[in-house]
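As structure tokens, the structure follows; a few thoughts come after it.
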Amino acid sequence: MGGQANLYSFPDVSTLARKLRAYVISCQEAGITRHGVFKVGVSGGSLPKTLAQALLAPPSGGNDTVRWDKWEIFFADERAVPLDDPDSNYFQLKAELLDKIPSDSKPTVHTIDPQHLDNTETLAGQYNEVLVKSFAKGDSVKLPIFDLLLLGCGPDGHTCSLFPGHHLLNEAEAWVAPIEDSPKPPPRRITLTLPVITHAVRVAFVATGRDKKDIITKIFETGERLQERLPCALVNDGTGERCSWFVDDAAAEGVSCAKREFSL
Ligand SMILES: O=C1O[C@H](COP(=O)(O)O)[C@@H](O)[C@H](O)[C@H]1O
């Protein structure tokens, strides 16, 4: 894999949000040029709040426009709960971001089908079909290619619903996989698999706050990261310079090397 993941550290979350906006818009423009739409996968957890701060800010002119009507939003992982449950990643994104987008320019949002909540295999199959319809369009395609995946990093190094050392990290065929034993509640979820994540055109992690410091240090500084099979480190290794980390100084405090200057 070419190069190393980019680690961008900013003094505070508002600065991070401004730079993240510029980055997402550049991925948006590339996606629209490539195929007329912007196909983005988003995580839950702390990400929707920071993303909303980035994307709901008024445009500063020039090319700084979020073209919501061109966005197709998918979920990088989702919990097997109703869509109006506060644990639902869709619910969190809706509350923080989707409900605040002006009604004349709404994105297309692909949720799980809540009819299949009682069976995570069926739920993963249903969401897989959603991806097939959008990315394969009747052709045989080995893997979907997201224009951008916006991911979180849990304090244990998990991303999406891929957890350290979990057997799902070995999944090589499925695009979407069920999980029934997530160590972080709720236990029943579905997730994009590692091959899908590392196949994206761009991957961006967003992680802020002191409670992310130890794991980010481990991911970027120590030799233990791969032995421990930390999902975030595996994504870094599978994507190289296509991967960018947007972190604040509190989260990056333990990293002494590898930080890059963000320019766009
Ligand atoms: O359970 C989850 O956690 C991760 C990380 O969340 P964070 O609050 O530590 O940012 C999140 O990315 C994932 O989508 C979610 O299901």
Side-chain angles (χ1 to χ4, degrees), residues 5 10 13 16-17 20 24 40-54 73-83 85-98 109-112 114 117 120 123-124 127 131 146 148-166 168-169 175-194 196-198 200 202-219 229-236 239 243-248 250-252:
F10 304 100
V13 177
L16 182 157
L20 180 63
V24 172
V40 58
V42 297
S43 293
S46 54
L47 178 82
K49 197 174 168 67
T50 314
L51 198 57
Q53 198 174 336
I73 300 180
F74 300 83
F75 289 85
D77 71 321
E78 183 54 288
R79 289 93 177 267
V81 296
L83 295 175
D85 186 309
D87 270 340
S88 154
N89 284 344
Y90 165 72
F91 180 86
Q92 290 168 15
L93 189 74
K94 182 172 177 310
E96 294 288 351
L97 176 66
L98 301 175
V109 182
H110 298 281
T111 65
I112 54 165
L117 295 178
T120 54
L123 193 63
Y127 209 64
L131 297 191
F146 283 91
L148 174 63
L149 287 175
L150 286 158
L151 305 182
C153 164
D156 57 352
H158 84 270
T159 192
C160 302
S161 287
L162 296 171
F163 290 87
H166 196 279
L168 264 191
L169 291 170
W175 294 5
V176 183
I179 169 166
E180 291 270 337
D181 58 353
S182 160
K184 176 178 173 181
R188 302 174 62 253
R189 299 153 170 243
I190 61 164
T191 183
L192 294 183
T193 58
L194 201 51
V196 172
I197 298 169
T198 56
R202 301 256 175 242
V203 174
F205 283 96
V206 179
T208 58
R210 200 164 282 278
D211 63 330
K212 299 288 165 75
K213 180 184 141 196
D214 290 348
I215 192 65
I216 288 178
T217 307
K218 200 175 218 178
I219 290 166
R229 310 214 57 199
L230 295 178
C232 291
L234 295 171
V235 172
N236 272 2
T239 49
C243 184
S244 296
W245 285 70
F246 290 80
V247 303
D248 63 355

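Along the sequence shown, the residues carry numbers beginning at 1. Note that ligands are numbered from 1 as they come in the structure, with each ligand's atoms numbered from 1 the same way.
Val206 places a side-chain heavy atom less than 4.5 Å from the side chain of Leu16. Considering only heavy atoms from C-beta on, Ile190 stays 4.5 Å or farther from Phe75 through its side chain.
A perpendicular orientation is assigned to the rings of Phe146 and Phe74, their planes being inclined by more than 60° (bins at 30° and 60°).
For atom 8 (O) of ligand 1, the closest non-hydrogen atom on the protein side is Ser46 N, 3.0 Å. If you check which protein heavy atom lies closest to atom 1 (O) of ligand 1, you get Arg79 NH2, 2.8 Å. Lys212 NZ, 2.9 Å is the protein heavy atom nearest to atom 9 (O) of ligand 1. For atom 6 (O) of ligand 1, the closest non-hydrogen atom on the protein side is Lys184 NZ, 3.5 Å. Looking only at heavy atoms of the protein, atom 5 (C) of ligand 1 is closest to His158 NE2, 3.7 Å.
Considering backbone and side-chain N/O atoms, Ser161 never comes within less than 3.5 Å of an N/O atom of ligand 1.
Formation of a donor-acceptor pair under 3.5 Å by the Tyr127 side chain with backbone atoms of Leu192 is not found in this model. No donor-acceptor distance shorter than 3.5 angstrom exists from the side chain of Arg189 to the backbone of Ser161, with no hydrogens or angles considered. Counting only distance, with no hydrogens or angles, the side chain of Thr159 and the backbone of Gly152 share a donor-acceptor pair below 3.5 Å.
Across Asp77, Thr191, Leu151, Asp87, heavy-atom proximity to atom 13 (C) of ligand 1 is greatest for Asp77.
With 3.5 Å as the limit, one finds no donor-acceptor pair spanning the side chains of Asp248 and Thr208.
Counting heavy atoms closer than 4.0 Å to ligand 1, residue Asn89 contributes side-chain atoms (C-beta onward) but none from N, CA, C or O. When heavy-atom distances to ligand 1 are checked against a 4.0 Å cut-off, Cys153 comes that close only through its backbone atoms N, CA, C and O. At a heavy-atom cutoff of 4.0 Å, ligand 1 is contacted by the backbone of Cys160 but not by its side chain.
When each of Arg79, Glu78, Lys94 is paired with Ser88, the side chain to side chain contact (heavy atoms under 4.5 Å, CB included) condition holds for Glu78 and for no other.
Below 4.0 Å from some heavy atom of Gly152 lie the following atoms of ligand 1, by number and element: 12 (O). Counting atoms of ligand 1 from 1 in the listed order, those under 4.0 Å from a heavy atom of Ser43 are 12 (O), 14 (O). Within ligand 1, the atoms closer than 4.0 Å to a non-hydrogen atom of Gly154 are 5 (C), 9 (O), numbered from 1 in the order shown. Within ligand 1, the atoms closer than 4.0 Å to a non-hydrogen atom of Arg189 are 1 (O), 2 (C), 16 (O), numbered from 1 in the order shown.
Partners of Ser46 according to the side-chain hydrogen bond (donor to acceptor under 3.5 Å, both in side chains) rule, which considers only residues two or more places apart in sequence or in another chain, do not exist here.
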